[in-house]
2 protein chains.
Amino acid sequence: MDSIVQILKQNNLSVTEGRRKILSLFLNSNGALAHADIEKNTHSHFDRVTVYRTLQSFVDKGIIHTIPTSDNSIKYALCKDECGEGHHHDHHVHLVCTRCGNTFCLDNVVTPTVKLPRDYTIQQVEVVVKGICKACNNQ
Amino acid sequence: MDSIVQILKQNNLSVTEGRRKILSLFLNSNGALAHADIEKNTHSHFDRVTVYRTLQSFVDKGIIHTIPTSDNSIKYALCKDECGEGHHHDHHVHLVCTRCGNTFCLDNVVTPTVKLPRDYTIQQVEVVVKGICKACNNQ
DNA sequence: AAATATTTGCAACAATGTTTCTTTTTTTAT
DNA sequence: ATAAAAAAAGAAACATTGTTGCAAATATTT
């Protein structure tokens, strides 16, 4: 069985054309995708609402996660295995390439420990690095 | 001379009612503000466009900086002295309180060093911590 | 293959952000 | 202090992004 179908079934999502297509976009992209990227890649074959709902359900199931940005466009990227429904473990660093504009999850870079004063409680740490990605640096 | 007027003049911005008011909101708020917060605090006394333009000019001049979020609402906070026109040095950590919803710049917490593989270049590191702020923890 | 459950697409709406142009306000120079 | 020049504000129109309710279509279960 197709690994795309497998992922959907494992997460109790019915297998529909839209979900298959959108999930495959994530699997075949090494960078993060925004709603607009998906619209573009599918040539708006799916209703905008469907795309929003699909992304939301993928987030809910822990298949993808959101990446914070400063430019009012939520980006989404595949989660690694440790993520599941209701709990995300995104202990990796995100890189926004200022040359090509793509966003990547640096899965091998561990989020550094942040130490806050005693009267704060840490729940989650997000690190977004702006810089130049591998591909852009090597060209 | 009023410190608000002083800041505006130092940055070659003409002193208008809107800019004075919006800058004072930042000076009197310990957390970050979003466009909507400013609208609320000014009772929409200024045109929406004016607020957008004012925020943009403050960012351009290095008076405030944006904070990345995952929820499509750009937050702005005052910059410390090291920031100037064209270059921001936001080497501090941002805390989003999951209880009160406010966002704070933790100016005394130093951004941890992130080490990337050799073929990446780091330009800026943003750290956003989700957790509980001081005030919420002490109540 | 039929019944049930789920998802999709559509329409309408709400919020957020941008652009152009005219009027008003601020600054500069006299 | 005032007139000229420069800058900013406001208004209108538009673009983009995201949400909700509902009927039609598709997927799953039996």
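Lettering follows sequence order; numbering is per chain, from 1.
With a 4.5 Å cut-off on side-chain heavy atoms, Lys134(A) and Cys97(A) do not count as touching. Within the 4.5 Å cutoff, no side-chain heavy atoms of Glu126(B) are placed close to those of Pro68(A). Using a 4.5 Å heavy-atom cutoff, the side chains of Pro112(A) and Thr111(B) are not in contact. Taking the side chain as every heavy atom from C-beta outward, His94(A) and Lys75(A) never approach each other to under 4.5 Å. In this structure, Ile38(B) and Leu55(B) have side chains that are in contact, with non-hydrogen atoms separated by less than 4.5 Å. Looking at heavy atoms from C-beta onward, Ile63(A) lies in side-chain contact with Leu13(A) at the 4.5 angstrom threshold. Between Val96(A) and Thr69(A), the closest side-chain pair of non-hydrogen atoms is not below 4.5 Å. Side-chain contact between Phe58(A) and Ile22(A): present, with at least one pair of heavy atoms (C-beta onward) separated by less than 4.5 Å.
The minimum heavy-atom distance between Lys61(A) and Asn11(A), with the atom names listed, is CE-O, 3.1 Å.
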Contacts under 3.5 angstrom, residues 23-37 of chain A side chains, donor-acceptor by atom type, not counting sequence neighbours:
residue	atom	partner	partner atom	Å
Ser24(A)	OG	Lys21(A)	O	2.8
Asn28(A)	ND2	Ser24(A)	O	3.0
Ser29(A)	OG	Gly31(A)	N	3.1
Ser29(A)	OG	Gly31(A)	O	2.9
Asp37(A)	OD2	Ala34(A)	N	2.7

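Per the geometry, CG belonging to Asn72(A) stands 13 Å off C1' belonging to dT18(C), to the nearest Å. One atom, CZ of Phe46(A), and another, P of dG9(C), lie 7 Å apart when rounded to the nearest Å. The distance from atom NE2 of His35(B) to atom P of dA14(C) is 18 Å, rounded to the nearest whole Å. dT6(C) atom C1' lies 16 Å from atom CG of Asn11(A), rounded to whole Å. Atom NZ of Lys9(A) and atom P of dT6(C) are 15 Å apart (whole Å).
A heavy atom lying under 4.0 Å from DNA chain C marks the following residues of residues 13-23 of chain B, by number: Ser14(B), Val15(B), Thr16(B). The stretch residues 47-55 of chain A comes close to DNA chain D through Arg48(A), Val49(A), Tyr52(A), Arg53(A), each having a heavy atom under 4.0 Å from the strand.
Protein chain A contacts DNA chain D from dT17(D) to dT28(D), reading 5' to 3' and using non-hydrogen atoms of the protein with a distance under 4.0 Å.
Using modelled atom types, one side-chain atom of Arg19(B) and one backbone atom of Ser14(B) make a donor-acceptor pair closer than 3.5 Å.
Where the helix from dA1(C)-dT30(D) to dT30(C)-dA1(D) starts and where it ends, the local axes point in directions that differ by 40°; five pairs per end, rounded to 10°.
Of the residues listed (Leu95(A), Val109(A), Leu106(A)), the one engaging Val114(B) in a side chain to side chain contact (heavy atoms under 4.5 Å, CB included) is Val109(A), and it is the only one.
For Gln123(A), the side chain to side chain donor-acceptor pair (under 3.5 Å) test picks out Thr98(B), with sequence neighbours left out.
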